[in-house]
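Letters go in sequence order (proteins before strands), and every chain restarts at 1.
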Number of protein chains: 2
Amino acid sequence: MRIVESFPEHDLTARARLRNAAIEIFAASGFNASVRDIATHAGVSAGLITHHFGSKENLRHECDLEVVRQYREIKSNGVAMTPTQSIAIISETNEYAPMLVYILRSVKDGGLAGREILEHMIEEAIVFSEEGVATGVVRPSRDPASRARYLVTSGLGGILLQLSLRAELDIGKLDLSEIGPIVRGIVDDVTLPTLEVYTEGVLADGAYLDEYLRVAANQNGQPAPRSETERKK
Amino acid sequence: MRIVESFPEHDLTARARLRNAAIEIFAASGFNASVRDIATHAGVSAGLITHHFGSKENLRHECDLEVVRQYREIKSNGVAMTPTQSIAIISETNEYAPMLVYILRSVKDGGLAGREILEHMIEEAIVFSEEGVATGVVRPSRDPASRARYLVTSGLGGILLQLSLRAELDIGKLDLSEIGPIVRGIVDDVTLPTLEVYTEGVLADGAYLDEYLRVAANQNGQPAPRSETERKK
DNA sequence: GATTCCACTATACGCATGTTCAGCAGATTA
DNA sequence: TAATCTGCTGAACATGCGTATAGTGGAATC
């Protein structure tokens with residue numbers, strides 16, 4: 001007996017193995033990796049990729065979907081937390097390394113998977129912040145959505161930047177087994193200053209914030225409202 | 001009469017015009033732009049680039065040097081400030097758009113110019129923080145160097161991430177005249193949450209920080225000291 | 001005025017890429 | 001057993017890339 005619908009059910013098909021090989025190569029070598037490299041790594045010929053996926057772009061798209069699915073699956077078991085913590089936890093399981101690096105690369109250059117996961121993290125941060133405010137752990141904000149977006153993008157962006165400096169993400173191949181220690185090193189370095197800033201702030205008093213609020217209140221149309229309209233689209 | 005040493009003095013030489021065209025194209029289209037595109041934009045043939053610079057890599061290197069030089073020149077007039085403020089100020093002058101985007105792109109993919117400028121910003125943040133502590137504007141930190149690095153990388157990384165989302169930095173050409181408004185929009189959106197976090201923090205009390213300090217003090221060798229040794233290299 | 005020099009162009013070479021296509025081997029079907 | 005189907009291969013094609021090279025025209029030098 002044979003399975004007619006080839007793809008959605010069990011993922012032991014050659015097609016799925018090909019896609020997983022692609023995820024690994026994309027993670028290790030970046031999204032400019034050649035289809036020949038992917039095919040070689042999967043032990044098949046280059047033409048088979050076109051045969052199964054039609055084009056490299058389609059293959060990339062299916063990798064995106066699969067990676068997002070994996071991420072959601074992992075995340076569904078745990079509680080909502082800060083992106084730094086999520087990355088730290090995921091980086092502890094070596095099996096997740098390809099997915100993790102794929103995601104980081106995708107976030108960095110604005111890929112579909114990266115956008116999706118980033119927005120997911122922001123949504124997560126919003127509810128996490130609301131809950132924290134309700135239980136008295138987190139301070140309320142004048143603009144909770146903006147703060148959530150800021151905290152997520154700066155947290156994740158900072159890690160990405162440090163990763164660019166430590167791992168040579170952009171040049172040549174990357175040994176996926178090295179990514180765990182590197183990420184954990186970054187998280188370690190970042191934890192103390194993050195906690196300091198999150199609990200004590202950086203500025204000694206509220207002069208700058210008060211000044212900004214005063215200016216923003218006076219000019220009702222510049223620049224705070226501009227940022228609001230821009231945020232909507 | 002003719003100038004023998006062609007390059008360092010006044011920058012009206014064809015070679016310099018070629019390099020400036022390269023900076024503009026790299027900024028508009030990314031570092032994968034072809035030498036033919038650069039040559040066309042400069043109104044010359046592709047072979048001339050090889051003739052003057054030897055290789056595309058060398059051209060890129062000279063662009064890096066020039067952009068860093070321009071950045072230092074602009075910065076030398078002003079006071080040290082946070083990277084977000086620096087970017088905001090530079091983004092207000094349209095003339096600087098190519099340099100600004102070139103820098104942002106270079107930081108994003110770990111280029112020489114990006115690394116140099118990032119380290120420069122961190123050094124700047126350290127002295128700025130020291131001065132602030134001395135005058136009572138900035139709170140002292142348990143690890144000032146780590147905090148400076150954290151603040152710079154998260155600030156700049158966050159802007160880069162938001163830029164990836166708003167401008168299609170990675171796909172196709174970018175209209176350099178649009179970058180000013182986009183960057184200013186990002187800065188506007190980020191200013192309030194930044195000021196909030198910097199003056200009030202995010203967490204309501206010091207429980208998490210105290211807990212971290214207690215754990216770090218107990219295990220003298222893990223993980224805080226690890227991060228110290230890693231930071232040194 | 002003849003010669004040398006040099007910025008510059010046009011063409012072409014070698015290479016890597018994504019994709020196409022004719023064909024093959026083995027399982028399935030008749 | 002014969003026919004069919006299909007996952008798969010190997011070679012080839014078109015394209016875009018960085019670079020090498022031969023050649024040209026006009027200025028500088030003698």
Rounded distance (Å) that lies between atom [atom2] of [N] and atom [atom1] of [X]:
| X | N | atom1 | atom2 | answer |
| --- | --- | --- | --- | --- |
| N58(A) | dG18(C) | CG | P | 14 Å |
| K56(B) | dT19(D) | NZ | P | 8 Å |
| I49(A) | dG18(C) | CD1 | P | 9 Å |
| D37(A) | dT17(C) | CG | P | 7 Å |
| I25(B) | dC17(D) | CD1 | P | 12 Å |
| I38(B) | dG16(D) | CD1 | P | 17 Å |
| F53(B) | dG18(D) | CZ | P | 15 Å |

Legend entry - With sequence neighbours excluded, residues passing side chain to side chain contact (heavy atoms under 4.5 Å, CB included) with E119(A): I122(A), R149(A), L165(B)

Inset, instruction - Would you indicate what A33(A) reaches in the nucleic acid, counting non-hydrogen atoms under 4.0 angstrom: base, sugar-phosphate, or nothing? - result: sugar-phosphate

Inset, instruction - Find out whether the Lys NZ or Arg CZ of R60(B) is both under 6.0 angstrom from the six-membered ring centre of F53(B) and within 45° of the ring's axis. - result: no

Legend entry - Electrostatic pair E168(B)-R115(A), nearest N-O below 4.0 angstrom: yes

Inset, instruction - Before accepting this row, confirm whether a basic side-chain N of the pair D189(A)/R166(A) lies closer than 4.0 Å to the acidic partner's carboxylate O. - result: yes

Inset, instruction - Answer yes or no: are there more than 12 heavy-atom neighbours, outside N32(B) itself, under 6.0 Å from its atom CG? - result: no

Inset, instruction - For T50(A), enumerate each residue passing the side chain to side chain donor-acceptor pair (under 3.5 Å) test, keeping only those at least two apart in sequence or located in another chain. - result: none

For nucleotides 8-10 of chain C, which of its nitrogen or oxygen atoms have a protein nitrogen or oxygen under 3.5 Å away, and what is each distance?
| unit_1 | atom_1 | unit_2 | atom_2 | d |
| --- | --- | --- | --- | --- |
| dC8(C) | OP2 | H52(B) | NE2 | 3.0 |
| dT9(C) | OP2 | S45(B) | N | 2.8 |
| dT9(C) | OP2 | S45(B) | OG | 2.9 |

Produce the list of close N/O pairs, under 3.5 Å, pairing protein atoms with atoms of nucleotides 12-14 of chain D; give distances to one decimal.
| unit_1 | atom_1 | unit_2 | atom_2 | d |
| --- | --- | --- | --- | --- |
| dA12(D) | N6 | R36(A) | NH2 | 3.4 |

Legend entry - Sequence-distant partners of Y150(A), ring-ring contact (aromatic ring centres under 6.0 Å, His included), two or more places apart: none

Legend entry - ring-ring contact (aromatic ring centres under 6.0 Å, His included) partners of H120(B), counting only residues at least two apart: Y71(B)

Legend entry - Selection from dG18(D), dG18(C), dT19(D) that lies nearest to any side-chain heavy atom of V35(A): dG18(C)

Legend entry - Any donor-acceptor pair under 3.5 Å from R15(B) side chain to H52(B) backbone: yes

